[in-house]
> 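Mind looking over this structure? Questions follow.
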Protein chains: 2
Amino acid sequence: MSNPTAAMLVIGDEILSGRTRDANMHYLAGEMTKMGIDLKEVRVVSDDRDAIIRAVNDLRSGYDSVFTSGGIGPTHDDITADCVAAAFGVHIDVRDDASALLAAFYEQTGRELNEARLRMARIPDGATLIDNPVSVAPGFKLENVYVMAGVPSVFQAMLASITPTLTGGAPLLTQSIRIERGEGDIAAPLGKLADEFSDLSFGSYPFQHNGVHGANIVIRGTDGARVEAAAIRVAGLFDE
Amino acid sequence: MSNPTAAMLVIGDEILSGRTRDANMHYLAGEMTKMGIDLKEVRVVSDDRDAIIRAVNDLRSGYDSVFTSGGIGPTHDDITADCVAAAFGVHIDVRDDASALLAAFYEQTGRELNEARLRMARIPDGATLIDNPVSVAPGFKLENVYVMAGVPSVFQAMLASITPTLTGGAPLLTQSIRIERGEGDIAAPLGKLADEFSDLSFGSYPFQHNGVHGANIVIRGTDGARVEAAAIRVAGLFDE
């Protein structure tokens with residue numbers, strides 16, 4: 001049985017302008033691998049209504065789960081919740097359960113729950129809230145789409161609160177073998193091994209460090225014994 | 001006149017498995033912004049033939065230029081060149097100009113130009129080579145698609161060799177104002193300014209540091225005087 005699949009949608013002008021280096025993609029990728037969910041595609045789009053709606057619809061029909069990051073704060077450029085509602089064709093407004101969370105938090109911290117902050121309680125009809133232990137304003141899940149914050153600490157906390165509810169697969173096991181030969185010398189025997197172990201994936205990642213060049217050969221698969229057997233064969237390729 | 005648009009396609013299992021944190025997206029984003037080219041979308045896909053072909057075709061029809069990174073080395077998982085040829089429906093084989101570059105390089109370094117390394121001379125019909133001053137194996141340009149290496153030093157060198165040939169637009173100018181107020185307090189007056197300066201883009205990026213919380217307001221536009229005028233207004237929002 002093959003593993004569940006996932007895609008990610010990163011939303012934000014700041015990533016595409018080079019102002020901010022995205023951190024959530026790499027984090028999500030690592031978590032999905034641990035859970036045995038195959039992250040198959042990531043898209044990054046700007047704070048543009050049409051682009052977000054199109055990407056949400058493309059990805060939710062193509063993969064088992066979609067995780068979004070960014071665009072759910074209180075400012076005018078935070079349009080993700082409204083775009084997700086539009087993508088599903090459902091109504092969106094301030095919802096009582098979300099606004100109650102915010103009201104309690106702002107009362108406690110002595111700040112005003114003004115109209116801008118209430119935007120963070122806009123939740124599409126039919127969605128369930130995703131807990132935000134960092135800054136309270138919730139994310140939400142609508143069918144197979146999980147809408148989360150862009151701030152890395154909040155994204156990670158939200159992901160931690162949903163992972164127990166996700167159905168994982170067989171976790172991907174990895175072995176990495178460092179070979180101090182040019183990739184071009186490794187390629188032919190490695191390609192033969194990849195054919196022989198067709199249930200595994202073989203990656204070759206060249207390095208050059210202090211005048212030594214070579215490649216890290218990474219073997220990935222869900223069957224530990226097979227990964228181990230392949231790693232022994234790779235390690236033995238250039239032993240005399 | 002609006003700026004030229006661009007998209008990026010990052011190819012590689014190692015990014016989606018979380019093994020490697022991509023660096024090329026952030027680098028390209030910064031370079032595009034300097035040149036006045038609007039990077040509108042990034043996609044990351046695995047070393048999967050169908051996924052690569054579909055993404056190349058989607059992006060090349062949607063944007064003025066497409067930049068790819070990854071999958072052009074000598075090993076069996078390097079399939080980008082063949083997929084780009086398939087996306088355009090053109091023939092691909094080892095090409096004399098590319099193999100001559102490799103032959104000279106390997107002769108000089110005393111290594112063998114074997115069959116695996118010759119894979120790096122597979123260039124689609126009609127493409128022009130992109131210079132690789134780091135490790136010689138070339139990238140290529142086919143119509144509006146620029147195919148480059150995934151290793152960051154090589155990606156950056158290839159990009160440097162093509163940027164003089166790209167048509168830029170008005171570079172995006174940026175001003176950043178740090179405001180030590182909650183984003184929710186800033187949101188309403190900022191939204192009004194964003195409406196008033198509708199030719200500019202306003203981003204709000206919250207921070208929390210040593211107990212101080214607030215937001216960096218980033219104003220972007222191509223007209224320096226307008227960006228400056230808006231920055232003064234933002235900075236004055238909470239002066240009494």
> Between B:P206, B:P74, B:A187, B:S176, which has the largest tally of heavy atom pairs under 4.5 Å with chain A?
B:P74
> For the candidates B:G30, B:G191, B:S204, which exhibits the highest count of non-hydrogen atom pairs separated by less than 4.5 Å from chain A?
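Highest number of pairs under 4.5 Å: B:S204.
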> Any idea which of A:D185, A:D195, A:V10, A:V45 has the most non-hydrogen atom pairs under 4.5 angstrom with chain B?
A:D185
> Is it the backbone or the side chain of B:A23 that comes under 4.5 Å from a heavy atom of chain A, or both, or neither?
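For B:A23, backbone and side chain are both near chain A.
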> Using a cut-off of under 4.5 Å for heavy-atom pairs, which of A:R220, A:E112, A:M25 has the most such pairs with chain B?
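Of A:R220, A:E112, A:M25, A:R220 has the most heavy-atom pairs under 4.5 Å with chain B.
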> Measuring from atom CD of B:E41 to atom OG of A:S46, what distance do you get when rounded to the nearest 0.5 angstrom?
9.0 Å
> Checking an interface table here. Which of residues 13-21 of chain B come within a heavy-atom distance under 4.5 Å of chain A?
B:D13, B:E14, B:I15, B:L16, B:S17, B:G18, B:R19, B:T20, B:R21
> Report which part of B:D38 has an atom under 4.5 Å of a heavy atom belonging to chain A: side chain, backbone, both, or neither.
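Contact with chain A is absent: no heavy atom of B:D38 under 4.5 Å.
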> Would you mind checking which part of A:D48 comes under 4.5 Å of any heavy atom in chain B, side chain (CB onward), backbone (N, CA, C, O), both or neither?
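For A:D48, there is no contact with chain B at all, as no heavy atom is under 4.5 Å.
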> Where does B:F202 contact chain A at under 4.5 Å (heavy atoms): side chain, backbone, both or neither?
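When you check distances to chain A, atoms from both the backbone and side chain of B:F202 fall under 4.5 Å.
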> Do other residues, nucleotides or ligands put more than 12 heavy atoms under 6.0 Å from the CD atom of B:E196?
yes
> What part of B:M8 gets closer than 4.5 Å to chain A, counting heavy atoms only: side chain, backbone, both or neither?
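Contact with chain A involves no heavy atom of B:M8 at all.
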> With a 4.5 angstrom heavy-atom cut-off, which part of A:R119 approaches chain B: side chain, backbone, both or neither?
neither
> Counting C-beta onward and ignoring hydrogens, is there a side-chain heavy-atom pair between A:V42 and B:R43 closer than 4.5 Å?
no
> Identify the two heavy atoms, one from B:G184 and one from A:A116, that lie closest to each other, and give their separation to 0.1 Å.
O-CB, 3.6 Å
> State, yes or no, whether a side-chain contact exists between A:T75 and B:E183 at a heavy-atom distance under 4.5 Å.
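A side-chain contact exists here, since the closest heavy-atom pair is under 4.5 Å.
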> Please report the shortest heavy-atom distance between B:R117 and A:G182, naming the atom on each side.
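Looking at all heavy atoms of both residues, the shortest contact is NH2-CA, 3.7 Å.
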> Let's go through B:H26 and A:D22 carefully: what are the C-alpha distance in whole Å and the side-chain angles of both, what is the deciding distance for side chain to side chain contact (heavy atoms under 4.5 Å, CB included) to 0.1 Å, and is it a yes or a no?
CA-CA 8 Å; B:H26 184 57; A:D22 170 68; over 6 Å; no
> Quick one: of A:E31, A:R111, A:E115, A:M32, who has the most non-hydrogen atom pairs under 4.5 Å with chain B?
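Most heavy-atom pairs within the cutoff with chain B belong to A:R111.
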